[in-house]
Amino acid sequence: MSFGSGLSATTSVVLLLLIASLSFLPLSALAAEPKLRFGSNGEFKILQVADMHFADGKSTPCLDVLPSQVKGCSDLNTSAFIHRMILAEKPNLIVFTGDNIYGPDATDAAKSLNAAFAPAIASNIPWAAVLGNHDQESTLSREGVMKHIVGLKNTLSQVNPPEAKSIDGFGNYNLEVGGVKGSSFENKSALNLYFLDSGDYSTVPSIPGYGWIKASQQFWFERTSSKLKQAYVSKPQPQKGLAPGLAYFHIPLPEYARFDESNFIGVKMEKGISSASVNSGFFSTMVGAGDVKAVFTGHDHLNDFCGKLADIHLCYAGGFGYHAYGKAGWSRRARVVVATLEKLEEGGWGGIKSIRTWKRLDDQRLTTIDSQELWSS
């Protein structure tokens with residue numbers, strides 16, 4: 001049960017060469033029937049679950065909880081929290097942003113993955129996942145973990161985009177959210193979701209620390225964003241402007257370090273931002289594309305803030321899992337995002353009017369905190 005019941009010139013040249021060497025297959029046509037769409041109430045709600053750190057279930061103890069909470073606390077508390085959140089929020093999509101399992105303590109990766117995602121699978125709600133830096137540290141490779149996830153029920157996760165012949169990492173893909181059934185946006189993507197593999201650890205001997213989003217992934221993102229922009233302004237029902245986008249991955253960008261208590265909502269309790277030690281330029285890539293309005297990551301469990309930089313909100317979810325490090329007395333938490341469509345005067349629904357977010361704590365009341373608007377038209 002839950003307790004509550006600047007890259008150098010040399011590097012730039014290397015990136016350009018990598019991009020030039022990529023070979024992509026022709027982009028496929030947009031699907032006529034979106035797998036996701038806004039509800040009849042004009043809303044689309046996403047539940048973000050960061051850092052479950054699931055291991056072996058009931059036998060895996062909780063970390064960093066109060067002495068009174070230690071007895072009987074296990075991975076099952078994490079599962080119970082997911083179940084409570086699903087019942088309370090009734091999301092249209094559940095997104096798991098990496099470190100879904102904690103490899104070093106997971107005896108069998110496949111079994112741990114099955115158990116970690118079981119509450120989402122049982123809910124019959126569509127869900128998507130990306131990888132963190134610990135998922136591949138058990139009995140499956142990083143590719144093996146992603147392939148196993150893709151084979152699970154109700155998931156919309158992909159190993160990699162079908163149009164990309166060569167791309168770094170596993171779990172790079174996008175999902176489109178169609179408008180309300182029967183509206184002019186029925187077969188238009190009103191909201192675009194980008195999922196990327198931020199890697200695990202650097203494979204460059206001279207660069208220590210965590211991984212980063214590579215040039216090939218950024219090229220795919222730019223190409224996909226451009227395709228979606230063109231579809232938005234094209235017939236049928238051509239629209240003006242851009243459909244907003246949201247990006248989900250595990251390791252925060254170096255730009256997360258640009259915030260302090262004066263310019264974000266939430267808390268920042270980690271000593272630093274655990275990003276890669278190099279800046280691969282993905283934030284600048286998103287700024288250039290213009291459609292991404294918010295980024296959502298995990299990795300730093302004791303940060304749950306959300307701040308705005310160059311018209312993009314950079315947000316943490318905060319630590320969710322009970323076998324993940326945390327702080328005794330500081331509740332595990334989840335982030336919720338809701339996009340709301342514009343209600344037209346003549347009836348029906350238009351494009352997105354606003355995107356809001358809040359967090360829920362795993363306490364007795366599933367307390368809602370830090371509600372804020374991320375974007376409005």
Side-chain angles (χ1 to χ4, degrees), residues 6-28 97-98 128 130-133 142-143 146 157-176 192-204 207 209-231 242-258 273 275-299 309-315:
L7 295 173
S8 68
T10 301
T11 306
S12 298
V13 170
V14 171
L15 290 176
L16 289 172
L17 289 173
L18 279 169
I19 291 174
S21 67
L22 290 171
S23 175
F24 280 74
L25 295 173
L27 290 170
S28 59
T97 49
V130 293
L131 302 182
N133 54 294
R142 197 166 182 82
E143 181 179 11
M146 201 65 215
S157 308
Q158 298 174 31
V159 175
N160 268 327
E163 71 272 11
K165 187 176 180 180
S166 177
I167 190 169
D168 286 282
F170 303 98
N172 304 286
Y173 55 101
N174 73 288
L175 297 174
E176 301 169 27
N192 298 313
L193 308 177
Y194 300 98
F195 302 87
L196 295 104
D197 182 2
S198 53
D200 49 8
Y201 303 97
S202 171
T203 57
V204 181
I207 302 176
Y210 294 108
W212 56 88
I213 295 172
K214 307 295 196 303
S216 62
Q217 297 166 279
Q218 296 186 48
F219 185 41
W220 165 78
F221 164 80
E222 289 180 306
R223 197 169 164 88
T224 303
S225 174
S226 178
K227 176 195 71 172
L228 292 169
K229 290 175 197 172
Q230 185 61 42
L242 303 174
L246 306 175
Y248 288 90
F249 46 90
H250 182 69
I251 297 175
L253 301 171
E255 283 78 8
Y256 274 69
R258 301 272 292 273
I273 302 298
S275 60
S277 57
V278 296
N279 192 329
S280 68
F282 186 52
F283 181 77
S284 296
T285 297
M286 289 189 291
V287 171
D291 59 336
V292 172
K293 306 305 178 185
V295 173
F296 303 95
T297 65
H299 193 54
L309 181 66
D311 292 327
I312 297 177
H313 275 87
L314 301 178
C315 304

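Just so it is clear, the model here is predicted, and its values are computed rather than measured.
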### Expected output: side-chain Q217 to main-chain K214 donor-acceptor under 3.5 Å
yes
### Query
Taking only residues two or more places apart in sequence, or in another chain, which ones meet H250 in a ring-ring contact (aromatic ring centres under 6.0 Å, His included)?
H299
### Summary
Taken in chain and number order and not counting sequence neighbours, the residues that satisfy side-chain hydrogen bond (donor to acceptor under 3.5 Å, both in side chains) with Q158 are none
### Query
With sequence neighbours left out, what residues match S198 under side-chain hydrogen bond (donor to acceptor under 3.5 Å, both in side chains)?
none
### Query
Does the K293 side chain pair with the main chain of G290, one donor and one acceptor, at a distance under 3.5 Å?
yes
### Query
Can you list the residues that meet the side-chain hydrogen bond (donor to acceptor under 3.5 Å, both in side chains) rule with N160, with sequence neighbours excluded?
N172
### Pairwise side-chain contact, W212 with S275, heavy-atom cut-off 4.5 Å (strictly under)
no
#### Entry: Backbone N/O of G209 and side chain of S277: donor-acceptor pair under 3.5 Å
no
### Task
With the side chain counted from C-beta on, respond yes when N279 and E255 share a heavy-atom pair under 4.5 Å apart, and no when they do not.
yes
### Task
Name all residues meeting the side-chain contact (heavy atoms from CB on, under 4.5 Å) criterion together with L242; count only those two or more places apart in sequence or in a different chain, and write none if there are none.
K229, D291
### Query
Is atom CZ of R142 surrounded by more than 12 heavy atoms (other residues, nucleotides or ligands) closer than 6.0 Å?
yes
### Task
List in chain and number order the residues that pass side-chain contact (heavy atoms from CB on, under 4.5 Å) with A243, two or more places apart in sequence or in another chain; answer none if no residue qualifies.
N192, Y232
### Query
Could you give the distance from OH (Y256) to CD1 (I273), rounded to the nearest 0.5 Å?
9.0 Å
### A276 to I251 - nearest heavy-atom pair and separation
N-CG2, 4.3 Å
#### Entry: Distance-minimising heavy-atom pair for G298 and P252
O-CD, 4.0 Å
#### Entry: Euclidean distance, E222 CD relative to F219 CZ, rounded to 0.5 Å
7.5 Å
## Note on the structure
Taking every heavy atom of A128 against every heavy atom of S157, the minimum-distance pair comes out as CA-OG, 3.4 Å
### Query
Taking only residues two or more places apart in sequence or in another chain, which ones pass side-chain contact (heavy atoms from CB on, under 4.5 Å) with A310?
F283, V287
### Query
To the nearest 0.5 Å, how far apart are CG in D197 and CD in E143?
11.5 Å
### Task
With sequence neighbours excluded, tell me which residues meet ring-ring contact (aromatic ring centres under 6.0 Å, His included) with F195.
Y173, Y248
### Residue pair I167 / P161: nearest heavy atoms and the distance that separates them
CD1-CG, 4.2 Å
#### Entry: Residue pair V295 / F249, side-chain heavy-atom distance below 4.5 Å
yes
### Query
For F221, which residues count as a ring-ring contact (aromatic ring centres under 6.0 Å, His included) partner, sequence neighbours excluded?
Y194, F282
## Note on the structure
Rounded to the nearest 0.5 Å, the CG atom of D168 sits from the OG atom of S216 at a distance of 3.5 Å
### Summary
Across all chains, not counting sequence neighbours, the side-chain contact (heavy atoms from CB on, under 4.5 Å) partners of S284 are none
### Query
Could you give the distance from CG (L131) to CG (D200), rounded to the nearest 0.5 Å?
9.0 Å
### Query
When rounded to the nearest 0.5 angstrom, what distance separates CG in L193 from CG in L228?
10.0 Å
### Task
Could I get the full list of side-chain hydrogen bond (donor to acceptor under 3.5 Å, both in side chains) partners for T285, not counting sequence neighbours?
Q218
